[in-house]
Amino acid sequence: MRKILLEGVIPGLLFGGWIVLVPSLFFGLFLATILAAGALVPTWRSARKARRSLEIGIDADRTKSGERVLRSLCVEAGVELPELVVYNPKQKGAVYAAVVGHSPALILCSIPLFDLPLREVKGALLHELGHIQYRHLLKRRILNVGTLYLAIPLLWISHLCLAAPICFGLALGTFSLRVVLRIAYEHFTEYQADMFSHQLLPGAFKEFLHRQGNLGCRSWFSSHPAPASRISALS
């Protein structure tokens with residue numbers, strides 16, 4: 001019986017496993033390569049896509065006045081001038097700004113943002129310019145793809161060598177680690193962009209965060225830290 005297992009059953013299972021697993025490994029790495037290429041290719045269509053997603057419409061007058069403010073801030077910060085779009089948000093009264101893409105970059109701002117004092121508007125725009133200056137979006141995509149490159153061979157090897165329950169647990173742990181790393185990186189980039197704004201216009205973004213504080217605290221699993229934590233970091 002032992003001879004049958006050693007010379008017949010076990011080699012057969014291993015050989016059969018290799019036939020299935022080797023193509024799956026290369027297919028997984030191929031998909032990761034496609035994702036990596038997508039992360040590194042300049043997102044020159046990001047502005048067009050963002051415009052198509054604006055359901056209510058763009059405020060041309062505020063966009064034009066905002067561009068004048070943004071242009072002066074870019075000169076001061078030494079950042080390439082991105083496109084600016086001011087629009088009506090889906091959520092009534094929402095005050096926020098966000099960067100889309102990385103080359104070229106597009107800053108999307110809600111209309112209520114420009115109802116705030118000019119100093120706070122500048123602080124918020126400088127925060128977004130910080131994301132552009134440090135290439136946070138590009139680095140986040142590279143991080144996501146890089147951890148995927150590490151996860152695929154690890155799961156492949158574990159599936160080959162370990163029992164199914166252990167392999168499932170390892171897979172769950174690996175992808176949970178990817179989520180934790182992504183959230184930790186998101187928090188780091190927010191603090192770094194906060195400091196970028198604070199160094200160029202001290203106190204402005206802190207005032208903006210104070211105003212945002214009444215929106216409630218965010219959980220640790222949010223991509224943005226709680227306003228109180230960010231204010232404390234700038235103090």
Side-chain angles (χ1 to χ4, degrees), residues 42-138 140 186 189-218 222-228 230-231 233-234:
T43 54
W44 58 273
R45 291 182 298 175
S46 61
R48 193 178 305 169
K49 289 180 180 178
R51 285 182 183 278
R52 283 202 298 265
S53 69
L54 303 179
E55 295 183 352
I56 301 178
I58 298 170
D59 188 314
D61 292 336
R62 298 198 192 199
T63 295
K64 193 172 294 183
S65 62
E67 283 174 349
R68 289 194 292 270
V69 176
L70 184 62
R71 188 175 289 108
S72 65
L73 293 175
C74 286
V75 172
E76 184 180 351
V79 180
E80 184 180 354
L81 180 67
E83 184 179 358
L84 176 71
V85 171
V86 182
Y87 72 104
N88 282 314
K90 296 177 183 177
Q91 181 184 352
K92 188 176 181 181
V95 180
Y96 65 87
V99 175
V100 179
H102 50 266
S103 180
L106 169 70
I107 296 181
L108 296 175
C109 296
S110 65
I111 285 178
L113 175 68
F114 286 86
D115 292 330
L116 301 181
L118 180 60
R119 177 176 167 81
E120 294 182 31
V121 174
K122 287 183 175 181
L125 290 176
L126 281 171
H127 170 88
E128 301 307 327
L129 290 178
H131 286 306
I132 296 172
Q133 175 71 9
Y134 294 119
R135 298 182 179 274
H136 285 157
L137 274 71
L138 177 61
R140 181 179 64 192
E186 296 272 4
T189 60
E190 292 304 320
Y191 285 121
Q192 192 175 37
D194 290 353
M195 189 56 66
F196 180 85
S197 175
H198 185 68
Q199 289 174 344
L200 289 170
L201 192 60
F205 193 67
K206 189 191 289 189
E207 293 168 14
F208 175 77
L209 288 173
H210 271 295
R211 191 182 298 274
Q212 296 294 89
N214 60 6
L215 297 180
C217 293
R218 297 172 181 266
S222 169
S223 61
H224 287 61
R230 299 167 72 178
I231 292 169
L234 294 176

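None of the values given here were measured: they were computed from a predicted structure. Note that the numbering runs from 1 along the sequence shown for the chain.
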query: Just wondering, do Ile132 and Pro82 contact through their side chains at under 4.5 Å, heavy atoms?
result: yes

- line: Value for CG (Leu200) from CG (Leu129), rounded to nearest 0.5 Å, stands at 9.0 Å

- request: Rounded to the nearest 0.5 Å, what's the gap from CG on Leu108 to CD on Glu83? Could you check?
  value: 9.0 Å

query: About how many Å separate CG of Leu84 and CZ of Arg68, when rounded to the nearest 0.5 Å?
result: 11.5 Å

- prompt: Taking all atoms of both residues into account, what is the closest heavy-atom pair of Val121 and Leu116, and its distance?
  reply: CG2-O, 3.8 Å

- prompt: Minimum heavy-atom separation for Gly123 to Ser197, with atom names?
  reply: O-OG, 2.8 Å

task: Quick one: pull up CZ in Phe205 and CD in Glu128 and give me the separation to the nearest 0.5 Å.
output: 7.5 Å

field: Short side-chain to backbone donor-acceptor contact, Thr63 and Val86, under 3.5 Å
entry: yes

- request: Kindly compute the distance separating CG (Leu70) from CG (Leu73), expressed to the nearest 0.5 Å.
  value: 6.5 Å

task: Find out whether Asp59 and Asn88 are in side-chain contact, i.e. whether some heavy atom of one side chain is under 4.5 Å from a heavy atom of the other.
output: no

task: Please list, chain by chain and in numerical order, all residues satisfying side-chain hydrogen bond (donor to acceptor under 3.5 Å, both in side chains) with Tyr191, sequence neighbours excluded.
output: none

- request: Please name all residues satisfying side-chain hydrogen bond (donor to acceptor under 3.5 Å, both in side chains) with Glu76, sequence neighbours left out, ordered by chain then number.
  value: none

- prompt: Under the side-chain hydrogen bond (donor to acceptor under 3.5 Å, both in side chains) test, which residues partner Glu80, sequence neighbours left out?
  reply: none

query: Applying side chain to side chain donor-acceptor pair (under 3.5 Å), which residue pairs with at least one partner in residues 108-124 are found, sequence neighbours left out?
result: Arg62-Asp115, Arg119-Glu207, Glu120-Arg211

statement: All heavy atoms of Leu118 vs all of Val69, minimum pair found to be CD1-CG2, 4.1 Å

Test item: Phe196 and Val79 side chains (from C-beta on) under 4.5 Å apart, heavy atoms: yes

field: Any residue meeting side-chain hydrogen bond (donor to acceptor under 3.5 Å, both in side chains) with Glu190, in chain and number order, not counting sequence neighbours
entry: His127, His131, His224, Arg230

field: Qualifying residues under side-chain contact (heavy atoms from CB on, under 4.5 Å), relative to Gln192, sequence neighbours excluded
entry: Tyr134, His136, Phe188

query: Looking only at heavy atoms, what is the nearest atom pair of Ile231 and Lys206, with distance?
result: CG2-CG, 3.9 Å

